[in-house]
Structure formats: C-alpha cells, structure tokens
Amino acid sequence: MPSLLAILARRNDEAPRILGYADHRDPQSSHRRPRGCDVPLDTAVGQLVAHIRQVRPDIVITHDAYGQVTGHPDHRRTHEMTLLAVTAAGLRHLYPDTGPPWQPAALYLAIHPEASTGDLGELLRRANKAVLSVPNQHVSATVDVRPWPARKEAAILAHRSQVERERPLPGILSQLPEEVRHHIIGTEYYTRISLAHSPGLTQLAT
C-alpha cells in the first residue's frame, strides 16, 4: 500500500519497492499481506533495514510522528518503523543477515506546518477530521512541486482504497476542482533529522 512505501530506488527508471501491507481501515486492500499495524515492529523494521542496505540512500523520507495532517494509523506506524530502521541500518550488529551496514545522511519527515493548512484544514474540519499541524518553526525544507501537479495527483489518486471512500484525505481531494486540488498539493514541507553526522551513531557504526 502507498502509505507503507519502502524506499524509492536509486535510478528514476527503477520501480519502487513496496512492502505491500494492507490498509489499516481496509484489510481487504491486500489479499497477500496483513495490515501494517498488525505486523510485529521488529519484523517490519528488519524488512525496511534490508531495503535501506540494498538501495543505500543518502536521504530517507517518511511521515512525521502525527502520521501527518490526519493522523492515519498506517502513517504513524510508518514513522515508527522508519525512525528505527534508519538508525539500525547503520549498525552492523543489528539485522546482520540483511547485508552490510549503511547509514543514510538524513531523515526527512513530511509535515504540515500551521501556516500551510489553509483550505485543506477547512476541508478536513468539514469532514469532522482532526487537523494535526506542527509549529511553523519545524520546517527545515520547503519544496515547490507545482511544476508536476499531474504526477503527484496521479500518485495520490492511485490509492484506490482511500479514494473510493469520501472521508479519507485522498477521497476528499478527488472531489475538488483541479485548480483547488493543485493549489493544496503544490508545496511540500519537511523537518530534517541529521543521521550520518551524529557522533554517537558514527562511533557505533564503525
């Protein structure tokens, strides 16, 4: 499922690697795998460590501790497993069967700062959903994705189990006029967590 996307490959022409767990609120979304929240955390972390060591990314991106603006259980779980995996991947005594250690340089958490919620926040409140924004000073990086609205929109709408229902965020976005939708998804915000330059991690990983 998209919210448990593992790691994008190093080359643009290489397909993404998907862990394939079922959606928390739609267990039938995967007929082969359990819901991500039902998988033992150690098992999920080990799977993600294996991908990190194979792909060897400099940067890993995941959800923030809220699970982003709506606090989806899968997003919170993804945050937990990724936070543990990016650290464990650099430590040779953890998950030794998944390959040689690799320490990414940074972890970026996708966030929704208070100043950015605007139209999106109003839409969520109308659907009786919480708006879990973070203080504006948490923003480490801002990315303008307005040149590629169709690509991002297609990725969001590909989450069929969410789009087919009205209350999930993808379902809400799918009902909006294109101009409004593109405005809402046009900017991304991140908090950066440094990993490779932490003295503690550097000492333990050697």
Side-chain angles (χ1 to χ4, degrees), residues 1-8 12 16 18 23-26 36-37 48 57-86 104-195:
M1 62 179 231
S3 63
L4 282 179
L5 186 67
I7 294 290
L8 287 179
N12 291 334
I18 309 289
D23 189 295
H24 180 78
R25 297 190 175 106
D26 185 12
C37 292
L48 195 49
D58 292 322
I59 292 172
V60 175
I61 300 173
T62 190
H63 302 286
D64 66 0
Y66 281 143
Q68 291 192 254
V69 70
T70 61
H72 194 290
D74 288 330
H75 297 178
R76 294 197 300 269
R77 182 66 162 186
T78 303
H79 169 82
E80 294 171 356
M81 58 186 282
T82 307
L83 198 62
L84 292 170
V86 294
L107 173 67
Y108 280 80
L109 308 180
I111 61 174
H112 287 270
E114 293 166 350
S116 75
T117 55
D119 295 336
L120 177 59
E122 181 59 29
L123 289 168
L124 293 173
R125 281 186 284 268
R126 290 179 190 173
N128 295 318
K129 297 179 75 70
V131 181
L132 304 177
S133 57
V134 303
N136 296 329
Q137 59 265 31
H138 285 206
V139 177
S140 301
T142 302
V143 181
D144 181 0
V145 295
R146 288 176 297 176
W148 309 278
R151 183 175 299 181
K152 182 173 180 179
E153 180 179 85
I156 293 172
L157 299 184
H159 199 338
R160 294 189 301 274
S161 65
Q162 298 285 300
V163 173
E164 291 168 357
R165 308 200 311 273
E166 293 182 358
R167 290 196 73 244
L169 181 55
I172 293 173
L173 291 174
S174 70
Q175 302 300 316
L176 298 176
E178 182 179 275
E179 182 178 352
V180 176
R181 187 163 61 240
H182 287 181
H183 172 71
I184 289 175
I185 67 175
T187 305
E188 298 179 353
Y189 304 89
Y190 299 92
T191 293
R192 184 183 190 276
I193 299 177
S194 179
L195 298 169

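These numbers come from a predicted model, not from an experiment.
Taking every heavy atom of both residues into account, Ala110 and Tyr190 meet most closely at CA-CD2, 3.7 Å. Contact record, Val60 with Pro104: CG2-CG, 4.0 Å, taken as the closest heavy-atom pair.
The distance from atom CD1 of Ile111 to atom CG of Asp64, rounded to the nearest 0.5 Å, is 7.0 Å. Residue Leu195 holds its CG atom at 10.5 Å from CD1 of Ile59, rounded to the nearest 0.5 Å. Taking CD of Gln68 as the reference point, atom OG1 of Thr62 lies at 8.0 Å (rounded to 0.5 Å).
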TODO: List the steps and the verdict of side-chain contact (heavy atoms from CB on, under 4.5 Å) for Leu107 and Leu83.
DONE: CA-CA 8 Å; Leu107 173 67; Leu83 198 62; 3.5 Å; yes

Result block: side-chain N/O donor-acceptor pairs under 3.5 angstrom for residues 146-157, not counting sequence neighbours:
| residue | atom | partner | partner atom | Å |
| --- | --- | --- | --- | --- |
| Arg146 | NE | Asp144 | OD1 | 2.9 |
| Arg146 | NE | Asp144 | OD2 | 3.3 |
| Arg146 | NH2 | Asp144 | OD2 | 2.8 |
| Lys152 | NZ | Ile185 | O | 3.0 |
| Lys152 | NZ | Glu188 | OE2 | 3.0 |
| Glu153 | OE2 | Arg181 | NE | 2.5 |
| Glu153 | OE2 | Arg181 | NH2 | 3.0 |
| Glu153 | OE2 | His182 | NE2 | 3.2 |

For residues 132-139, tabulate all N or O donor-acceptor pairs below 3.5 Å that involve a side-chain atom, not counting sequence neighbours.
| residue | atom | partner | partner atom | Å |
| --- | --- | --- | --- | --- |
| Asn136 | OD1 | Glu114 | N | 3.2 |
| Asn136 | OD1 | Ala115 | N | 2.8 |

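The side-chain heavy atoms of Val145 and Thr187, taken from C-beta on, include no pair separated by under 4.5 Å.
Remark: the backbone N or O of His63 is paired with a side-chain donor or acceptor of His79 at under 3.5 angstrom. Side chain of Thr82 to main chain of Thr78: a donor-acceptor pair is present (N/O by atom type, distance under 3.5 Å, no hydrogens or angles).
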